[in-house]
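One-based numbering along the sequence shown.
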Amino acid sequence: MNAIYLLPIGTAALIFPALAFVTFVPTAIVLYRRHGIMTRWRVLSLYGGVYYALTAFCMTIVPLPKPGVDVCKAYPSFAHPQLTPGVALSDIWKEAHQHATLSALIVHNPAFWQTVFNLILLLPLGAFVRIHFRRGFPAATAAGFTASLFFELTQYTGLWGLYDCPYRLFAVDDLIVNTAGAALGWAVAGPLARVLPELDALDDRALTPLAAGKVPFGRRLVALLLDSTGVTVLSWIIAVIAYFGPGAEAMLFAPPFAFALWFVVFPWLTGATPGKHVLLLRLVTPDGKRPNPARLALRALLLSPPLVLTCLATGVLLATVADPSVPIQLADEVVFRNLSAAPASGFVLLLPPAACLALIGAYVAAVRRHPQGLGPHEARSGVRNHACPHTRARKPVNPPNPVAPPSPVAPPASWPMAEPGGPQTTWWPSAPLHPAPPPGNGVMTQEPPDQPYSRA
């Protein structure tokens with residue numbers, strides 16, 4: 001294969017994981033912390049909402065003025081907002097040239113279709129509020145008004161100061177029509193909301209394995225990615241401190257020191273690594289106790305081969321996010337300087353990344369094969385993950401009360417007054433019950449005089 005074709009492939013192989021890391025990991029953190037699970041339906045709903053929001057925003061700001069256009073001179077009338085309601089109707093009548101025909105008012109009327117498009121713009125927002133958030137009509141109307149106001153202010157401020165003057169008109173009719181579109185979307189989505197299952201019900205179905213102590217693999221993987229990122233950054237910091245402190249030779253001890261600090265010391269002191277704390281996970285032994293340093297060290301040692309590779313990949317991804325030219329330089333170094341000059345040595349350089357992927361794949365396969373979803377490092381060390389309650393976990397409505405006080409209205413059957421014909425007792429609600437002793441026990445008692453029963 002020609003090296004010129006391998007360059008974009010190598011560049012894309014580094015850029016796409018970086019973009020996925022930046023966009024996917026925050027989404028996973030939010031879903032796992034709020035719902036305890038990351039189902040495909042919730043991800044689809046969330047990303048669909050984000051995609052729609054970006055699309056609607058772009059439709060309100062494009063097309064942008066050309067770089068050489070003076071916006072203040074080109075659009076002088078847009079400097080004053082249109083605050084009179086009903087102007088859109090007069091524009092429709094004006095574009096129809098006072099002809100009350102279907103063609104003039106609707107088919108060939110640009111003002112009419114502009115109003116229709118403004119109505120449709122936020123119609124999906126109302127449906128999203130009803131289906132995803134399960135909110136009512138006032139919430140959908142308020143969401144539509146807020147979104148429309150944000151769009152109109154974005155236009156009026158010239159993209160929040162990016163342009164000296166607005167290049168689109170702030171119109172109150174657009175605000176009214178957009179809000180009506182969101183309300184209409186909520187109403188139209190009624191049958192669909194009744195047919196589709198609730199996302200909370202799907203979450204409960206997916207959370208069933210957690211009752212048996214099995215933590216989802218994706219949740220642990222996201223925590224591992226966070227730990228890899230954190231230990232990589234910590235290694236850089238310790239290396240810089242060592243360079244300006246003991247010397248350049250001490251920089252070699254920065255990675256193992258950061259690794260031990262992150263995966264042994266932190267879990268021993270706090271119960272979990274920082275990444276697991278973010279995902280609401282903690283490390284426990286089979287009996288539910290906090291593991292000792294020996295177990296944690298064994299776990300870290302068994303996890304170190306794939307984790308070191310993950311840390312190296314994370315370092316490349318972080319460098320790519322900081323400087324997008326890094327993957328191009330790496331691809332140029334591997335492709336042009338090695339594959340084109342010496343194909344054999346170039347392919348030899350590609351073997352370590354392939355071996356890394358194979359090793360990580362072997363660990364993933366081992367987790368998949370284990371009955372409880374444990375990895376080799378967890379099964380050998382006896383340290384496993386325990387999921388803490390997520391922020392939206394359901395709590396029992398009526399928690400059990402082990403010590404229930406006796407009710408003065410309905411005394412228990414063991415009280416003498418509860419049985420017909422039982423011995424007479426003196427009972428006051430604010431005093432303990434003192435039943436009269438049974439006859440024949442040798443204790444002299446004085447019977448109370450006959451009087452009506454009172455609960456004074």
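- Between R282 and G288, the closest heavy-atom pair is NH1-O, 4.2 Å.
- In this pair, Y75 and F78 present their aromatic rings parallel. The plane angle is below 30°, not in the 30 to 60° band.
- By the 4.5 Å heavy-atom criterion applied to side chains, D174 and L121 are not counted as neighbours.
- Atom CZ of R380 and atom CZ of R295 lie 14.0 Å apart (nearest 0.5 Å).
- A cation-pi geometry, defined here as NZ or CZ lying under 6.0 Å from the six-membered ring centre and within 45° of its normal, does not hold between R299 and F263.
- Counting all heavy atoms, side chain and backbone alike, L302 lies closest to P376 at CD1-O, 4.0 Å.
- Without hydrogens or angle criteria, S148 side chain to G144 main chain gives no donor-acceptor distance under 3.5 Å.
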field: Steps toward side chain to side chain contact (heavy atoms under 4.5 Å, CB included) verdict (V284, R290)
entry: CA-CA 5 Å; V284 296; R290 182 179 298 184; over 6 Å; no
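- Using a 4.5 Å cut-off on side-chain heavy atoms (C-beta onward), P166 and T157 make no contact.
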Side chain to side chain contact (heavy atoms under 4.5 Å, CB included) assessment of I37 paired with L31: CA-CA 7 Å; I37 200 69; L31 291 181; over 6 Å; no
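- Counting only heavy atoms from C-beta outward, the side chains of T60 and Q155 approach each other to under 4.5 Å.
- Residue W113 comes nearest to V107 through the heavy atom pair NE1-O, 3.3 Å, listed as atom of the first residue, atom of the second, then distance.
- Nearest heavy atom pair, residue R130 against residue W186, reads NH1-O, 2.9 Å.
- Salt bridge absent: D227 and K276 never bring a charged side-chain N and a carboxylate O closer than 4.0 Å.
- When atom types are taken as modelled, the side chain of R168 and the backbone of V62 share a donor-acceptor pair closer than 3.5 angstrom.
- Judged by distance alone, with hydrogens and angles left aside, the side-chain atoms of R134 form no donor-acceptor pair with the main-chain N or O of V129 at under 3.5 Å.
- For the atom pair OG1 of T154 and CD1 of I61, the computed distance is 8.0 Å after rounding to the nearest 0.5 Å.
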field: Steps toward side chain to side chain contact (heavy atoms under 4.5 Å, CB included) verdict (V172, T84)
entry: CA-CA 7 Å; V172 69; T84 304; 5.7 Å; no
task: Decide yes or no on side-chain hydrogen bond (donor to acceptor under 3.5 Å, both in side chains) for T273 and W262, but give the supporting numbers first.
output: CA-CA 6 Å; T273 60; W262 196 275; 4.9 Å; no
task: Assess whether side chain to side chain contact (heavy atoms under 4.5 Å, CB included) is satisfied between T146 and L149, documenting all intermediate values.
output: CA-CA 5 Å; T146 304; L149 182 62; 5.8 Å; no
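- At a threshold of 4.5 Å between non-hydrogen side-chain atoms, the residues L119 and N178 do not count as touching.
- Residues V215 and H386 are not in side-chain contact: their nearest non-hydrogen atoms beyond the backbone lie 4.5 Å or more apart.
- Between the S235 side chain and the A258 main chain, no donor and acceptor come within less than 3.5 Å of each other.
- Taking CD1 of I29 as the start and OH of Y32 as the end, the distance is 11.0 Å to the nearest 0.5 Å.
- The distance between the ring centers of F128 and F133 falls below 6.0 angstrom.
- For P85 against D173, the heavy-atom pair with the smallest separation is CA-OD1, 3.4 Å.
- Side-chain atoms of Y47 and T27, non-hydrogen and from C-beta on, do get closer than 4.5 Å to each other.
- The shortest distance between side-chain heavy atoms of C388 and L281 does not fall below 4.5 Å.
- With values rounded to the nearest 0.5 angstrom, F112 atom CZ is found 13.0 Å from E95 atom CD.
- In this structure E378 satisfies the salt bridge (charged side-chain N to carboxylate O under 4.0 Å, His left out) test together with R220, sequence neighbours excluded.
- Heavy atoms from other residues, nucleotides or ligands lying under 6.0 Å from CZ of F145 number 12 at most.
- Looking only at atom types and distance, the side chain of H390 has no donor-acceptor partner in the side chain of R34 under 3.5 Å away.
- Residue L279 holds its CG atom at 9.5 Å from CG of N385, rounded to the nearest 0.5 Å.
- Other residues, nucleotides and ligands place more than 12 heavy atoms under 6.0 Å from the OH atom of Y52.
- Across L122 and A147, no two heavy atoms sit closer than the pair CD1-CB, 4.2 Å.
- For the pair T101 and L105, the minimum side-chain heavy-atom distance is 4.5 Å or more.
- Here L283 contributes atom CG and H277 contributes atom NE2; the two are 8.5 Å apart, rounded to the nearest 0.5 Å.
- Using a distance-only test at 3.5 Å, with no hydrogens or angles considered, a donor-acceptor pair links the side chain of R219 to the main chain of L280.
- The environment of CZ in F253 is sparse: at most 12 heavy-atom neighbours from other residues, nucleotides or ligands sit within 6.0 Å.
- Put simply, the side chain of S45 never gets that close to the backbone of W41: no donor and acceptor are under 3.5 Å apart.
- Ring planes of F151 and F57: tilted class, angle from 30 to 60°.
- Under a cut-off of 6.0 angstrom, the local environment of NE2 in H108 is sparse, with at most 12 non-hydrogen atoms contributed by other residues, nucleotides or ligands.
- Listed for the N109 side chain is a donor-acceptor partner under 3.5 Å among the backbone atoms of A104.
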